[in-house]
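Excluded from the calculations below are hydrogen atoms, water molecules and symmetry mates; all remaining heavy atoms, backbone and side chain alike, are included. This is a predicted model, so every value here is computed, not measured.
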Amino acid sequence: MPSGERVTAFVRKPPAALLSYLCTGKAGVTRMRGLMNLNKKQWTSLREGIKPLVLKYLDVEKPLAHQSEADLLGLKKKSLEKITFFNKYEDNWAFDVLLRFLFTHRYALAQAKQWSPSPLSDTEEPSQVRATRPSAVPSAGMLHQFLRSIKASHFLFCFMRAGLSDDLSFTEFIASPFTVKKSFVEAALQGTASDDEIRAVLAAVLRY
């Protein structure tokens with residue numbers, strides 16, 4: 001979503017109880033998109049637009065509650081400057097919800113930080129940041145073989161972009177607890193795969 005996209009259709013802040021629930025990250029992507037008036041493409045673009053800023057301003061190795069107030073304020077200020085689409089939401093409520101959603105998948109953020117390009121400079125727009133092409137990162141042979149075996153090779157770049165960029169990271173992922181694997185798969189495929197496809201990949205991961 002280009003940072004200069006014209007802002008339309010002002011979206012009021014949800015009731016306090018609903019907003020609090022959304023901030024837990026448990027509402028599900030479909031419901032969150034609906035309340036934000038976003039289609040899948042817009043949701044993905046907004047999420048990917050803020051991610052480089054999150055990686056720059058916050059320590060994703062720590063929970064959101066452990067981030068410094070100065071860092072959080074810096075992230076919000078820069079995000080609202082660079083991604084003006086947030087201004088369509090009353091009190092910029094969508095920024096807070098999206099940030100908390102990303103931190104429910106903190107494992108994926110931490111993995112992304114390991115291979116992400118150099119930190120976003122203050123003169124760069126989030127939309128200018130591009131993920132490294134698969135050919136530019138270490139071989140992900142085991143991941144590719146796994147996805148081919150379940151006829152899901154089209155998700156290869158999604159997983160590599162999320163951090164499974166080589167055989168070592170794939171092996172560590174397979175050895176991780178189920179809750180970690182579930183969170184990682186959902187974060188890697190959100191906005192790209194259907195719920196049924198995500199469940200199928202998770203089932204295959206458990207059988208691996």
Side-chain angles (χ1 to χ4, degrees), residues 25-26 28-30 32-33 40-64 66 98-120 124 126-208:
K26 298 177 182 178
V29 172
T30 300
M32 293 176 68
R33 286 198 297 105
K40 287 185 178 181
K41 183 177 180 180
Q42 289 172 323
W43 164 266
T44 301
S45 183
L46 193 61
R47 184 195 70 214
E48 294 303 313
I50 192 179
K51 191 179 292 184
L53 292 169
V54 171
L55 293 175
K56 176 184 178 181
Y57 281 87
L58 303 184
D59 180 359
V60 296
E61 300 291 339
K62 300 189 299 185
L64 189 61
H66 294 173
L98 186 57
L99 177 61
R100 283 163 176 75
F101 176 81
L102 286 174
F103 265 79
T104 63
H105 303 288
R106 191 161 53 89
Y107 177 81
L109 282 175
Q111 288 290 316
K113 186 175 183 179
Q114 294 181 12
W115 66 269
S116 61
S118 58
L120 189 70
E124 287 180 309
S127 59
Q128 293 175 329
V129 177
R130 294 291 180 264
T132 306
R133 294 181 179 275
S135 59
V137 296
S139 170
M142 293 175 67
L143 171 64
H144 194 194
Q145 290 177 12
F146 166 70
L147 292 175
R148 285 184 61 186
S149 71
I150 61 172
K151 299 181 180 179
S153 297
H154 50 295
F155 294 137
L156 176 64
F157 182 54
C158 294
F159 283 107
M160 294 186 73
R161 183 175 60 186
L164 300 187
S165 56
D166 55 24
D167 289 348
L168 177 60
S169 60
F170 179 76
T171 301
E172 292 175 344
F173 163 71
I174 291 297
S176 64
F178 171 72
T179 53
V180 172
K181 287 186 280 200
K182 183 175 184 294
S183 177
F184 184 88
V185 170
E186 290 174 344
L189 299 182
Q190 62 180 301
T192 302
S194 67
D195 290 344
D196 287 342
E197 288 173 319
I198 291 175
R199 282 193 291 268
V201 171
L202 278 172
V205 166
L206 288 177
R207 294 194 303 267
Y208 188 82

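Residues V201 and F159 are in side-chain contact: their nearest non-hydrogen atoms beyond the backbone lie under 4.5 Å apart. Contact check for L102 versus L64: no side-chain heavy atoms found under the 4.5 Å cut-off. Between Q145 and F170, the closest side-chain pair of non-hydrogen atoms is not below 4.5 Å. Contact annotation: the side chain of F173 never approaches that of L143 to less than 4.5 Å [non-hydrogen atoms, C-beta and beyond].
K182 and L202 get closest at one heavy-atom pair: CA-CD2, 3.6 Å. Heavy-atom minimum distance, A188 versus C158: O-CB, 3.6 Å. Between Q190 and T44 the shortest heavy-atom distance is O-OG1, 4.4 Å. Looking at every heavy atom in both residues, E48 comes nearest to K51 through OE2-NZ, 3.2 Å.
Rounding to the nearest 0.5 Å gives a distance of 10.0 Å between CZ of R199 and CD of E186. How far CD of E197 is from OG1 of T192: 9.5 Å, rounded to the nearest 0.5 Å. Once rounded to the nearest 0.5 Å, the distance linking OG1 of T30 with NZ of K40 reads 7.0 Å. The CZ atom of F184 sits 9.0 Å away from atom CG of L189, with the distance rounded to the nearest 0.5 Å. The CE atom of M142 sits 11.0 Å away from the CG atom of L164 when rounded to the nearest 0.5 Å.
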### Message
Evaluate L98 against W43 for side chain to side chain contact (heavy atoms under 4.5 Å, CB included), listing each step before the verdict.
### Response
CA-CA 10 Å; L98 186 57; W43 164 266; 3.8 Å; yes

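Between Y208 and F146, the ring planes are perpendicular. Angles over 60° get that label, and only those under 30° would be called parallel.
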